[in-house]
2 protein chains.
Amino acid sequence: MKTKEHILSTALQLFNEQGTAGISTNHIAEAAGISPGNLYYHYRNKEAIIRALFEQLFALWDTKLALPDDRLPTLDDLQGLVRTNFEIMWAYRFVYRELLALLRGDAALHERFVMIRQRGYEGFREIVSLLAQSGVLNVPTSDETVDELADLCWLISEFWMPTIEINGEAASAAELERGVTLMLAVLRPYFPD
Amino acid sequence: MKTKEHILSTALQLFNEQGTAGISTNHIAEAAGISPGNLYYHYRNKEAIIRALFEQLFALWDTKLALPDDRLPTLDDLQGLVRTNFEIMWAYRFVYRELLALLRGDAALHERFVMIRQRGYEGFREIVSLLAQSGVLNVPTSDETVDELADLCWLISEFWMPTIEINGEAASAAELERGVTLMLAVLRPYFPD
DNA sequence: GTCTATATCGCGATAGAC
DNA sequence: GTCTATCGCGATATAGAC
């Protein structure tokens, strides 16, 4: 299984550097130091490689974005979640750079992505709701404000990195942290006292 | 100049429907009812067509997103701006669906996009600041909260449509309006009284 | 301005030897 | 599992006639 994983990590690097459109299976094979034929032995085609990378991303989301299950979440937990998400998204940055284009070409992947994403969003919604319940946020739990705040936090979590990447330079730690700041700015009016 | 414009509108439609990656110059020519050679007479290559479409988008932004210059802007103006922006982005929806990929392949376009976008952001920043000055928002004009609110409104304005498009269906009017709602939710805590 | 014809290229994918 | 060799295809781009 070593070659199979090597292909994936090579492809990830190339996709992150140059985008999926400019990278062919030949490029990946050459960069991985194997023959094109060998690549096709391990993966049906480029689409399969992209799918496998998405699955790695899904697995990371699944394992690293867990909520504490023994206590109520705090504001720090929420910030940590967003920071971790930024890290994961940076490692797989080609994904959100061309997400809609990638999903349009692969209906099965699209469906799966939407499902996974929905789970992630609901986790977010749950945290905000629990913060409201525990009084960290001064919002009635049943209020639609909870939904709005969750939507806003989610939007930042998903699209803050693409936003700063538009300017061209690599996303610096300081710029990413600005995203966390903005999320807190959204919530700040609801801090008690 | 009729053919030249016809090529553009045909390409726009195809790009919006199927993305730029899947559409070749041959496809565009065929859909436009002209020969491939003729297309190349009018445009150097596909990149040139994409650039021309970006220029159309820039022109729309420039003419349609103007602030009132005879009075202070209102909250309604801000909402109208975002709605208009949504309309424009929908007409050129292929752009934000694969923005970072498109810009990476064309340094000159990238530079120009960043400049135009910067102008747009500053206009936004200006509105929020004026809303603060005129007391529509209860925020000290010099406060960093103005920057945060401007950043948040801008993020919604740019990425709300891509967000809802992830779910796969065409962006409905109701879903787009939700973006306006979220922007108001960001500002609401700062409404006077 | 527009067409047809064509040259060149690289990609995706497979067959068959090792 | 891995390689070499190769086929077929479609995309880009140009030449030259009309």
Side-chain angles (χ1 to χ4, degrees), chain A residues 1-56 94-95 97-98 101-110, chain B residues 1-56 94-95 97-98 101-110:
Chain A
M1 286 295 145
K2 194 130 169 296
T3 300
K4 197 158 184 172
E5 291 156 15
H6 182 53
I7 291 170
L8 275 195
S9 63
T10 305
L12 175 59
Q13 191 184 341
L14 292 175
F15 290 163
N16 279 342
E17 283 167 2
Q18 314 197 42
T20 61
I23 297 296
S24 69
T25 49
N26 284 2
H27 290 133
I28 299 170
E30 188 184 356
I34 63 172
S35 68
N38 193 5
L39 182 143
Y40 276 90
Y41 171 80
H42 290 284
Y43 293 96
R44 230 177 160 277
N45 49 36
K46 194 167 97 175
E47 195 178 25
I49 295 176
I50 291 175
R51 271 195 215 194
L53 287 172
F54 267 78
E55 288 302 328
Q56 289 186 339
F94 82 95
V95 167
R97 284 182 186 154
E98 40 186 318
L102 291 172
L103 296 182
R104 195 171 331 106
D106 187 337
L109 177 61
H110 193 160
Chain B
M1 285 297 142
K2 193 127 171 298
T3 301
K4 197 157 185 174
E5 290 156 15
H6 182 53
I7 291 170
L8 275 196
S9 63
T10 305
L12 176 59
Q13 191 184 341
L14 292 175
F15 289 163
N16 279 342
E17 283 167 3
Q18 316 198 42
T20 61
I23 297 296
S24 70
T25 49
N26 284 2
H27 291 135
I28 299 171
E30 189 184 355
I34 63 173
S35 67
N38 194 6
L39 182 144
Y40 276 91
Y41 171 81
H42 290 284
Y43 292 96
R44 230 178 160 278
N45 48 37
K46 195 167 97 174
E47 195 178 23
I49 296 175
I50 292 175
R51 272 196 215 193
L53 287 172
F54 267 79
E55 287 303 328
Q56 289 186 339
F94 82 95
V95 167
R97 283 183 187 154
E98 41 187 319
L102 291 173
L103 297 182
R104 197 174 327 106
D106 186 336
L109 177 62
H110 193 158

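Predicted model, so just to flag it, every value in this text is computed and none were measured. Order of the sequence lines fixes the chain letters, A, B, ..., with proteins taken first and strands second; residue numbering starts at 1 for each chain.
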- Query: Going by atom types only, do A:His27 and A:Ser24 share a side-chain donor-acceptor pair under 3.5 Å?
  - Reply: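 Note: A:His27 and A:Ser24 side chains meet the donor-acceptor criterion.
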
Any [X] side-chain nitrogen or oxygen under 4.0 Å from OP1 or OP2 of [N]:
X	N	value
B:His27	D:dA11	yes
A:Ser35	D:dT2	no
A:Thr3	D:dT2	yes

- Task: Decide if atom CD of B:Glu47 counts as having more than 12 heavy atoms of other residues, nucleotides or ligands within a radius under 6.0 Å.
- Result: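 Counting other residues, nucleotides and ligands, CD of B:Glu47 exceeds 12 neighbours.
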
Among [options], which nucleotide sits nearest the side chain of [X]?
X	options	value
B:Pro36	C:dT4, D:dC3, D:dT12	C:dT4
B:Asn26	C:dC11, D:dA11, C:dG12	D:dA11
A:Asn38	C:dT2, D:dT4, D:dG1	D:dG1
A:Tyr41	D:dC3, D:dG1, D:dT12	D:dG1

Using atom [atom1] of [X] as one end and atom [atom2] of [N] as the other, report the distance to the nearest whole Å.
X	N	atom1	atom2	value
B:Ile28	D:dG10	CD1	C1'	15 Å
B:Tyr43	C:dG1	OH	C1'	14 Å
B:Ile34	C:dT4	CD1	C1'	14 Å
B:Lys46	D:dG10	NZ	P	16 Å
B:Lys2	C:dG1	NZ	C1'	13 Å
B:Ile7	C:dT2	CD1	C1'	11 Å
A:Leu39	D:dT4	CG	C1'	15 Å

- Message: Could you check whether any side-chain heavy atom of B:Ile49 comes within less than 4.5 Å of a side-chain heavy atom of B:Leu39, counting everything from C-beta outward?
- Response: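 In contact.
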
- Query: Is there side-chain contact between A:Tyr43 and A:Leu8, with heavy atoms separated by less than 4.5 Å?
  - Reply: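 With C-beta onward as the side chain, the pair touches.
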
- Task: Measure the acute angle between the ring planes of A:Phe94 and A:Phe15, then classify it against the limits of 30° and 60° as parallel, tilted or perpendicular.
- Result: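 Correct class here is tilted.
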
- Query: Between B:Tyr40 and A:His42, which has a closest nucleotide on DNA chain D that is more 5'?
  - Reply: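 It is A:His42 whose nearest nucleotide is closer to the 5' end.
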
- Query: Base, sugar-phosphate, or nothing: which does A:Asn45 touch, judged by heavy atoms less than 4.0 Å apart?
  - Reply: sugar-phosphate

- Under 4.0 angstrom, heavy atoms only, what part of the nucleic acid is B:Ser24 near: base, sugar-phosphate, or nothing? sugar-phosphate

